[in-house]
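What follows is one structure encoded as structure tokens, with my remarks underneath.
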Amino acid sequence: MADHYDVLGVPRDAADTDIKKAYRRLARELHPDVNPSPDAAERFKDVTHAYDVLSDPEQRRRYDAGPSADSPFGGGGAAGFSDIFDAFFGGGGGGGRGSGPRSRAERGQDALLRIDVDLDEVVFGTHKDVEVDTAVLCETCGGSCCAPGTSPRTCDICGGSGSIQRQVRSLLGNVVTSAPCGTCRGHGTVIPNPCPTCQGQGRVRARRTIPVDIPAGVDSGLRLQMPGQGEVGPAGGPSGDLFLEVRVHHHDVYSRDGDDLLATLEVPMTDAILGTTTTIDGLDGPVELEVRPGVQSADVLVIKDRGVTKLRGSGRGDLRIGVQVVTPTKLSHKERQLVEQLAKSHKSAAPQLARFQQGMFGKLRDRFFNF
């Protein structure tokens, strides 16, 4: 690695003003707008980096002292003292020497999306393609964060260790502590030529399509976890997980009670008296119903195994149809005479209050209107 003073062409004891003058002179000579040669562009980056270090008093002091700055033991003494401290105090003194520099690659964040499904799709499950706007691996640098043809450079402040050691006084005497290097942020390397596509992040935002198999029996609020389908981490780190929160759309006819499907069947008064058969449209095809003579409002017709497929386990729930007998409100004169004749021939008890009971139809009705 070239010495920063040699790059700027100044002695090691140069004043700040001399360093600034040398940088301005070389910048005017090597700037890409003035000198288009590839060699000049590379030298301009080295000159800029050297000036960034030497123009900052603290970074210049660390650079002049070397990686073991502030150590009273020279190059290897700080490490030796740290080892002794670790042996007696369980690794509290060195502060990172054993762990080494911090990796740039980190795990990406998890993502949470809402996915809408229809009730009929819940019966047997469905397949959907979900569009996700998330972080993906940068194709230009492949997650290295560097411009093509370049690579990270060892930090000349911490020497690649990712940390700066200092000697501080304490009740125990002089103790060597360690803190992350401010120049490389603990990574041990710097990126002089960041990738122009991702700006040195190793990832970019993009929209991608993810195929999702939604199992049968899901309900609103359930979250499906898709490992590794979340955001790619910085510097090409492992992806997080994608969580899909299911929301089942309201259906105009059917509602749901666990694995059972609920619906209401309006039966004309004459069919309720005489009985009838009818065919209704189920969520998975036609369903034949037999309405027995004398059926009452709140009676429930149960069709086995025509409900929702069970999420955990085998089989399906039932289809439960609550009966609502519809009384006509407008009768012709002849129809009224026929009903009066029926009333005379069929003597019924006077209307009276019945004991309260929460019938099945009441539950179905409440669930239907509050769904």
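This one's a predicted model, so the numbers in the text were calculated from it and none came from an experiment.
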With rounding to the nearest 0.5 Å, note down the distance linking [atom1] in [X] to [atom2] in [Y].
{"X": "E131", "Y": "T209", "atom1": "CD", "atom2": "OG1", "result": "4.5 Å"}
{"X": "L311", "Y": "L222", "atom1": "CG", "atom2": "CG", "result": "6.5 Å"}
{"X": "L244", "Y": "K128", "atom1": "CG", "atom2": "NZ", "result": "11.5 Å"}
{"X": "C155", "Y": "I164", "atom1": "SG", "atom2": "CD1", "result": "7.0 Å"}
{"X": "I210", "Y": "L113", "atom1": "CD1", "atom2": "CG", "result": "7.5 Å"}
{"X": "M226", "Y": "S239", "atom1": "CE", "atom2": "OG", "result": "12.0 Å"}

**OP:** Dump the intermediate steps for side-chain contact (heavy atoms from CB on, under 4.5 Å) on R292 and D299, then the final yes or no.
**Re:** CA-CA 11 Å; R292 69 181 185 278; D299 284 352; 3.0 Å; yes
Donor-acceptor check, side chain of [X] to backbone of [Y], threshold 3.5 angstrom: yes or no?
{"X": "E139", "Y": "L137", "value": "no"}
{"X": "E121", "Y": "D118", "value": "yes"}
{"X": "S220", "Y": "V248", "value": "yes"}
{"X": "R316", "Y": "G307", "value": "yes"}
{"X": "D271", "Y": "P268", "value": "no"}
{"X": "R102", "Y": "H187", "value": "no"}
{"X": "R104", "Y": "T189", "value": "yes"}
{"X": "D3", "Y": "D6", "value": "yes"}
{"X": "D56", "Y": "E58", "value": "yes"}
{"X": "E335", "Y": "S332", "value": "yes"}

Taking every non-hydrogen atom, the tightest pair across [X] and [Y]:
{"X": "S151", "Y": "C146", "value": "C-SG, 3.7 Å"}
{"X": "G228", "Y": "D241", "value": "N-OD1, 2.9 Å"}
{"X": "A135", "Y": "R203", "value": "CB-CD, 3.9 Å"}
{"X": "A272", "Y": "V267", "value": "N-CG1, 3.6 Å"}
{"X": "C141", "Y": "C198", "value": "SG-SG, 3.7 Å"}
{"X": "A50", "Y": "L8", "value": "CB-CG, 4.1 Å"}

How about [atom1] on [X], more than 12 heavy atoms from neighbouring residues, nucleotides or ligands closer than 6.0 Å, or not?
{"X": "R208", "atom1": "CZ", "value": "yes"}
{"X": "K45", "atom1": "NZ", "value": "yes"}
{"X": "R207", "atom1": "CZ", "value": "yes"}

Salt-bridged, [X] to [Y], with N to O below 4.0 Å?
{"X": "R320", "Y": "D257", "value": "yes"}
{"X": "K304", "Y": "D318", "value": "yes"}
{"X": "E340", "Y": "K344", "value": "no"}
{"X": "R205", "Y": "E231", "value": "yes"}
{"X": "K310", "Y": "D259", "value": "no"}

Check: [Y] and [X] side chains under 4.5 Å, non-hydrogen atoms:
{"X": "C138", "Y": "C195", "result": "yes"}
{"X": "L289", "Y": "L265", "result": "yes"}
{"X": "H251", "Y": "L283", "result": "yes"}
{"X": "V287", "Y": "L319", "result": "yes"}
{"X": "Q225", "Y": "Q229", "result": "no"}
{"X": "S297", "Y": "V325", "result": "yes"}
{"X": "R12", "Y": "D64", "result": "yes"}
{"X": "L262", "Y": "R256", "result": "no"}

Any side-chain donor near an acceptor of the partner, [X] and [Y], under 3.5 Å:
{"X": "T183", "Y": "Q59", "result": "yes"}
{"X": "D18", "Y": "Y23", "result": "no"}
{"X": "R60", "Y": "Y5", "result": "yes"}
{"X": "H4", "Y": "D156", "result": "yes"}

Find out if a path of hydrophobic residues (ILVMFWY) with successive side-chain heavy-atom gaps under 4.5 Å connects [X] to [Y].
{"X": "V132", "Y": "V136", "value": "no"}
{"X": "V291", "Y": "I280", "value": "yes"}
{"X": "I191", "Y": "F44", "value": "no"}
{"X": "L261", "Y": "F124", "value": "yes"}
{"X": "I115", "Y": "L112", "value": "no"}

Subject >> Verdict with supporting geometry, V218 and V122, side-chain contact (heavy atoms from CB on, under 4.5 Å) >> reply: CA-CA 6 Å; V218 297; V122 171; 4.3 Å; yes
Subject >> From CA spacing to verdict: side-chain contact (heavy atoms from CB on, under 4.5 Å), V53, H49 >> reply: CA-CA 6 Å; V53 174; H49 179 62; 4.1 Å; yes
**OP:** Test side-chain hydrogen bond (donor to acceptor under 3.5 Å, both in side chains) on Y51 and D46 and set out the steps.
**Re:** CA-CA 9 Å; Y51 177 71; D46 293 339; over 6 Å; no
Original post:
Between I321 and T264, is a side-chain contact (heavy atoms from CB on, under 4.5 Å) present by the stated rule, with each step listed?
Top reply: CA-CA 5 Å; I321 307 294; T264 301; over 6 Å; no
